[in-house]
Chemist: 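Below is the structure I would like to discuss, written out as structure tokens.
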Amino acid sequence: MALHIEQLYLGCLAQASYLLTDSGEAAVIDPRRDVDDLVARLRAEGLTLRWIVETHLHADFVSGHHELAAKTGATIVFGKAAGATFEHRAVSDGDVLPLGTTTLEVLETPGHTPESICLVAAEGGAPRAVFTGDTLFVGDVGRPDLVGSRGRSAEEMASLLYDSLHGKLLTLPDDVLVYPAHGAGSLCGKNISKETSSTIGKERRLNVSLQPMSKEAFVKMATTNLPEVPAYFGRDVALNRGGARSLGELPAPEALPPAAVQARVSQGALVLDIRPATDFAAGHVPGSVNIGLVGDFAVWSGALLSPETPIVLVLEDERSLREAVTRLARVGLENVTGYLAGGIAAWRNEHHPVATLTRLAPAELESLLSKDPGITVLDVRRPPEYESC
């Protein structure tokens with residue numbers, strides 16, 4: 001049987017996992033944290049999971065490798081420099097992981113992180129695809145300035161990245177398929193394409209970072225105009241190195257009446273309102289934070305919320321509870337202790353104070369500024385967003 005490759009793309013984190021199957025055997029590359037659906041599928045299709053491969057210690061999400069291994073008996077694989085603190089197979093350049101009739105050859109590709117590896121899938125000795133993790137994206141390369149460099153500067157890491165790209169990946173044939181760990185929207189690169197797969201030849205021609213240039217020029221380009229590093233990245237690296245708890249081990253959030261929510265807040269809990277912004281503006285618990293359960297919910301939550309602070313959710317309806325808890329756990333926020341039972345309507349019904357916000361259309365804001373030029377407008381967009389218009 002031939003190798004089958006399936007990309008499992010998680011749009012809210014712009015993150016790609018991969019399921020590889022051949023002759024009844026399977027391997028998973030860079031799994032997301034929630035693994036129950038994947039485990040159910042493996043069982044339904046009668047597949048034996050042999051390998052769980054991490055291309056590096058991810059900073060932008062928490063991996064489910066630990067839980068997936070516990071539920072399937074598969075071996076977790078990391079590059080030898082990862083220093084993972086649980087049972088795993090530490091691999092080096094040239095090591096081979098057999099999968100049915102396919103071989104998965106390890107390339108050590110430091111640069112994004114010291115332990116980064118790529119996997120070349122070959123059939124009959126001919127390379128067919130390479131799984132590049134955060135080393136090479138479509139249209140971009142991995143950032144060299146993220147956590148995990150263990151004291152090395154961004155310039156030192158960028159120099160290693162140049163060698164990995166030119167000495168390893170660009171030596172592959174042009175027709176080899178490229179499968180990266182992220183697409184557009186991920187903070188692990190600067191200008192990642194919306195496309196989520198490519199070929200070595202296409203990247204050689206079109207990827208700006210792979211055009212002929214000196215190592216010095218590459219280092220300068222790779223370390224210039226980098227976005228900020230979110231605070232949760234270091235936490236996620238630590239969780240991935242130690243192996244995160246399974247989602248089933250996290251405490252179930254309690255349904256809290258309004259008085260209990262008020263008591264939790266007085267004890268230091270944060271109220272996180274995950275309803276749409278229009279609903280939040282119309283009425284919310286005073287002092288609560290609004291991050292709508294859409295799009296970049298997990299990314300913004302990870303960037304803005306402390307992992308030590310207990311969280312109480314305000315939901316649009318209780319059906320969104322599981323989704324919210326899962327998406328928060330994907331970025332290492334495991335402290336959802338409860339939710340407001342009955343939602344904001346219950347809060348109102350018990351006559352607790354309700355805060356509101358006035359939303360202004362652009363024309364309304366313009367009118368206000370013309371009448372009172374002393375009004376301060378605070379633009380909270382990221383620098384690239386601000387500079388784009």
Side-chain angles (χ1 to χ4, degrees), residues 12-16 30 55-62 81 109-118 132-166 168-170 178 180-196 198 203 206-238 240 295-296 298-305 331-332 379-389:
C12 61
L13 290 176
Q15 184 259 330
D30 294 332
T55 56
H56 61 293
L57 290 165
H58 303 284
D60 59 312
F61 72 97
V62 178
T109 52
H112 176 66
T113 66
E115 76 283 350
S116 290
I117 60 172
C118 296
T132 57
D134 287 16
T135 298
L136 174 64
F137 300 123
V138 180
D140 201 1
V141 295
R143 291 173 59 172
D145 66 318
L146 298 184
V147 292
S149 57
R150 300 180 190 174
R152 294 173 176 160
S153 68
E155 288 74 17
E156 289 176 291
M157 296 302 293
S159 178
L160 291 173
L161 181 60
Y162 180 91
D163 293 338
S164 294
L165 292 166
H166 291 272
K168 299 285 180 67
L169 293 180
L170 290 181
V178 172
H182 291 291
S186 169
L187 288 175
C188 293
K190 291 194 292 184
N191 297 293
I192 306 175
S193 169
K194 293 180 180 179
E195 300 296 323
T196 58
S198 185
E203 293 310 297
L206 302 178
N207 192 318
V208 173
S209 298
L210 299 185
Q211 300 312 298
M213 69 182 81
S214 67
K215 182 184 288 191
E216 292 74 18
F218 174 86
V219 168
K220 182 177 180 179
M221 181 176 66
T223 56
T224 300
N225 295 326
L226 292 167
E228 74 282 4
V229 179
Y232 72 95
F233 273 27
R235 177 173 74 250
D236 286 6
V237 167
N240 287 325
D296 294 337
V299 174
W300 280 113
S301 297
L304 298 176
L305 307 182
V331 293
D379 193 325
V380 298
R381 293 174 297 168
R382 290 180 172 135
E385 297 173 301
Y386 180 82
E387 293 162 4
S388 67
C389 59

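These numbers come from the heavy atoms of this one structure, side chains and all, not from hydrogens, waters or symmetry mates.
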Chemist: Indicate every side-chain donor-acceptor pair of residues 187-194 with a distance under 3.5 Å to a residue at least two apart or in another chain.
Modeler:
unit_1: Lys190; atom_1: NZ; unit_2: Met221; atom_2: O; d: 2.6
unit_1: Lys190; atom_1: NZ; unit_2: Thr224; atom_2: O; d: 2.8
unit_1: Ser193; atom_1: OG; unit_2: Glu195; atom_2: N; d: 3.0

Chemist: For the atom pair OG1 (Thr132) and CG (Leu169), what is the distance rounded to the nearest 0.5 Å?
Modeler: 7.0 Å
Chemist: Is the count of non-hydrogen atoms from other residues, nucleotides or ligands lying under 6.0 Å from Lys215 atom NZ greater than 12?
Modeler: yes
Chemist: For Leu305, which residues count as a side chain to side chain contact (heavy atoms under 4.5 Å, CB included) partner, sequence neighbours excluded?
Modeler: Leu270, Leu272, Ser301, Ile311, Leu333
Chemist: Residues two or more places apart in sequence or in another chain: which of them pass side chain to side chain contact (heavy atoms under 4.5 Å, CB included) with Ala217?
Modeler: Met213, Ser214
Chemist: Val237 versus Leu146: any side-chain heavy-atom pair under 4.5 Å?
Modeler: no
Chemist: If I take atom CG from residue Leu161 and atom OG1 from residue Thr223, how far apart are they, to the nearest 0.5 angstrom?
Modeler: 11.0 Å
Chemist: Give the minimum heavy-atom separation between Ala222 and Ala158, together with the two atoms involved.
Modeler: CB-CB, 4.1 Å
Chemist: Taking Asn240 for the side chain and Val62 for the main chain, is one N or O donor matched with an acceptor at less than 3.5 Å?
Modeler: no
Chemist: Taking side chain to side chain contact (heavy atoms under 4.5 Å, CB included) as the test, write out the residues that go with Ser198, two or more places apart.
Modeler: Val138, Val178, Lys202, Glu203
Chemist: What residues form a side-chain hydrogen bond (donor to acceptor under 3.5 Å, both in side chains) with Asp30, not counting sequence neighbours?
Modeler: Thr55, His58
Chemist: Lys168 and Asp163: salt bridge (Lys or Arg N to Asp or Glu O under 4.0 Å), yes or no, with the steps?
Modeler: CA-CA 7 Å; Lys168 299 285 180 67; Asp163 293 338; over 6 Å; no
Chemist: Do Val331 and Val299 touch side chain to side chain, with heavy atoms closer than 4.5 Å?
Modeler: no
Chemist: With a 4.5 Å cut-off on side-chain heavy atoms, are Pro114 and Met157 touching?
Modeler: yes
Chemist: For Asp145 and Pro227, work out which heavy atoms get closest and say how close.
Modeler: OD2-O, 4.4 Å
Chemist: Look at Asp134 together with Arg143 and state whether they make a salt bridge at an N to O cut-off of under 4.0 Å.
Modeler: no
Chemist: What are the two closest non-hydrogen atoms of Gly295 and Cys12, and how far apart are they?
Modeler: O-CB, 3.4 Å
Chemist: Between Arg152 and Leu160, which heavy-atom pair has the shortest distance, and what is it?
Modeler: NH1-CD1, 3.9 Å
Chemist: For Ala231 and Ala303, work out which heavy atoms get closest and say how close.
Modeler: CB-O, 4.5 Å
Chemist: Please name all residues satisfying side chain to side chain contact (heavy atoms under 4.5 Å, CB included) with Ser116, sequence neighbours left out, ordered by chain then number.
Modeler: His56, Thr109, His112, Thr113, Thr135
Chemist: Any donor-acceptor pair under 3.5 Å linking the side chain of Glu115 with the backbone of Pro110?
Modeler: no
Chemist: Is the closest side-chain heavy-atom distance between Gln15 and Ser186 below 4.5 Å?
Modeler: no
Chemist: If you measure from OG1 on Thr196 to CZ on Phe137, what distance do you get to the nearest 0.5 Å?
Modeler: 12.5 Å
Chemist: To the nearest 0.5 angstrom, please state how far the CG atom of Asp60 sits from the OH atom of Tyr232.
Modeler: 6.0 Å
